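None of these values were measured; they are calculated from a predicted model.
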2 protein chains.
Amino acid sequence: MIVKKDLPDCPVATTVGLIGNKWKLLILRDVLTGPKRFGELHRSLTGISQKVLTENLRSMEKDGLLKRTVFPEVPPRVEYMLSELGTSMRPIIHQLEEWGIGYKEIMTRTETPTIRTA
Amino acid sequence: MIVKKDLPDCPVATTVGLIGNKWKLLILRDVLTGPKRFGELHRSLTGISQKVLTENLRSMEKDGLLKRTVFPEVPPRVEYMLSELGTSMRPIIHQLEEWGIGYKEIMTRTETPTIRTA
DNA sequence: CAGCATCCGATTTGATACTG
DNA sequence: CAGTATCAAATCGGATGCTG
C-alpha cells in the first residue's frame with residue numbers, strides 16, 4: 001500500500017476532482033460569504049435534495065475544504081464554513097462570477113429585446 | 001412567450017450551468033491549447049465513453065462555446081475549437097490550474113513520505 | 001474516423017418516514 | 001434542526017453494432 005495521495009498529473013484534473021460538480025461550486029459560492037447553516041444552504045441551492053446536499057457537504061469536509069461545527073443547543077445548530085484550503089478557492093469562484101456577469105451583458109445586448117408573442 | 005433568455009440571477013450559477021461538470025471543464029482545458037480532433041479528446045479524457053464525450057461536445061457547441069468543423073475527407077476528420085465565447089473562459093481554467101498546482105505542492109510537502117506497508 | 005441507435009445494468013436521485 | 005434509512009424511480013454510462 002502506497003500512502004502518498006495519488007493526484008492526477010494534470011493540475012486542472014486535480015482541482016476538477018475536488019469541485020468539478022455543479023453543487024460543490026454553488027456551495028463554495030454560498031460559504032464564501034460566511035458560515036452557513038444546513039437549512040440556509042438547502043434553501044439557497046434550489047433543486048437540491050437534503051440527501052444530495054448532505055453527501056456533497058460530507059465530501060467537501062472529507063477533502064478538507066469545509067469545516068463543520070455542531071453547536072450543542074436545542075434545537076441543534078450546525079454551521080459549515082470554509083477551511084483555509086477552501087478559502088484558497090476564492091479566485092476560482094470569483095472567475096466564475098466574473099464570467100457570468102460578462103455573459104449576461106452579452107446576452108442582454110445581443111439578443112432580441114423582450115417581445116411578447118400573442 | 002418571452003424571448004429573452006432566462007439566466008439565473010446569480011452569475012456563478014449562470015457559469016456553472018454551462019460548464020459545471022467534470023468533463024466540460026476538462027474538454028475546455030484540452031481545447032485551450034488549440035483545435036482537437038474527436039479521437040484526440042477521447043484519448044486525453046481517460047475514462048470517458050464515446051457517447052458521453054459526444055453529448056458534452058454537442059452541448060458545448062449548442063451553448064456557443066465550441067465550433068465544430070467537418071473536413072470533407074476520407075477518412076472523415078472533425079475538429080473542435082474554441083469560439084470567442086469559449087476562449088473567454090481561459091481565466092477560469094487558468095485558476096483551476098493554479099489551484100491544482102498549489103494543492104499538489106501542499107500535499108507533497110505535508111504528507112508522510114511514500115511508505116510501503118507489508 | 002467520427003459518429004448514432006439501442007439495449008441494459010449500475011449509479012444517482014427524490015420522496016418519505018423516522019430520530020437525537 | 002439536521003440529519004439517517006430506505007426504497008422506487010430516473011438518469012447515467014458502457015458495450016455493441018451499424019453507417020457515411
>> It should be established whether R77(A) places a side-chain nitrogen or oxygen under 4.0 Å from OP1 or OP2 of nucleotide dG20(C).
In response: no
> So, is R58(A) close to the dG3(D) phosphate, meaning a side-chain N or O under 4.0 Å from OP1 or OP2?
Replying inline: yes
Atom pair distance, as rounded to whole Å: [atom1] in [X] and [atom2] in [N]:
X      : N       : atom1 : atom2 : value
L53(A) : dT13(C) : CG    : P     : 12 Å
R43(B) : dG3(C)  : CZ    : P     : 13 Å
E79(B) : dA2(C)  : CD    : P     : 10 Å
E40(A) : dC1(D)  : CD    : P     : 12 Å
N21(B) : dT12(C) : CG    : P     : 14 Å
R68(A) : dC1(D)  : CZ    : P     : 16 Å
F71(B) : dG3(C)  : CZ    : C1'   : 16 Å
H42(A) : dA15(C) : NE2   : C1'   : 12 Å

>> How about NZ on K22(B), more than 12 heavy atoms from neighbouring residues, nucleotides or ligands closer than 6.0 Å, or not?
In response: no
> Reckon Y80(A) touches a base, only the sugar-phosphate, or nothing at all at heavy-atom distances under 4.0 Å?
Replying inline: sugar-phosphate
> Contact class for E73(B) (heavy atom, under 4.0 Å): base, sugar-phosphate, or nothing?
Replying inline: nothing
> In Å, rounded to the nearest 0.5 Å, how long is the span from CG of N56(A) to CD of E61(A)?
Replying inline: 12.5 Å
>> Within this structure, what is the CG-CD1 distance for the pair N21(A) and I27(A), rounded to the nearest 0.5 Å?
In response: 7.5 Å
>> Any salt bridge linking R77(B) with E73(B)? Criterion: basic side-chain nitrogen under 4.0 Å from a carboxylate oxygen.
In response: yes
>> Working note: K36(A) + S44(A), criterion side chain to side chain donor-acceptor pair (under 3.5 Å); need CA distance, chi angles, decisive distance, verdict.
In response: CA-CA 10 Å; K36(A) 294 284 174 292; S44(A) 171; over 6 Å; no
> When you measure from the side chain of T54(A), which nucleotide among dG13(D), dA2(D), dT4(D) comes out closest?
Replying inline: dT4(D)
>> Can you work out whether P76(A) or Q50(A) has the more 5'-proximal nearest nucleotide on DNA chain C?
In response: Q50(A)
> Of K51(A) and R37(A), whose nearest nucleotide on DNA chain D comes first from the 5' end?
Replying inline: R37(A)
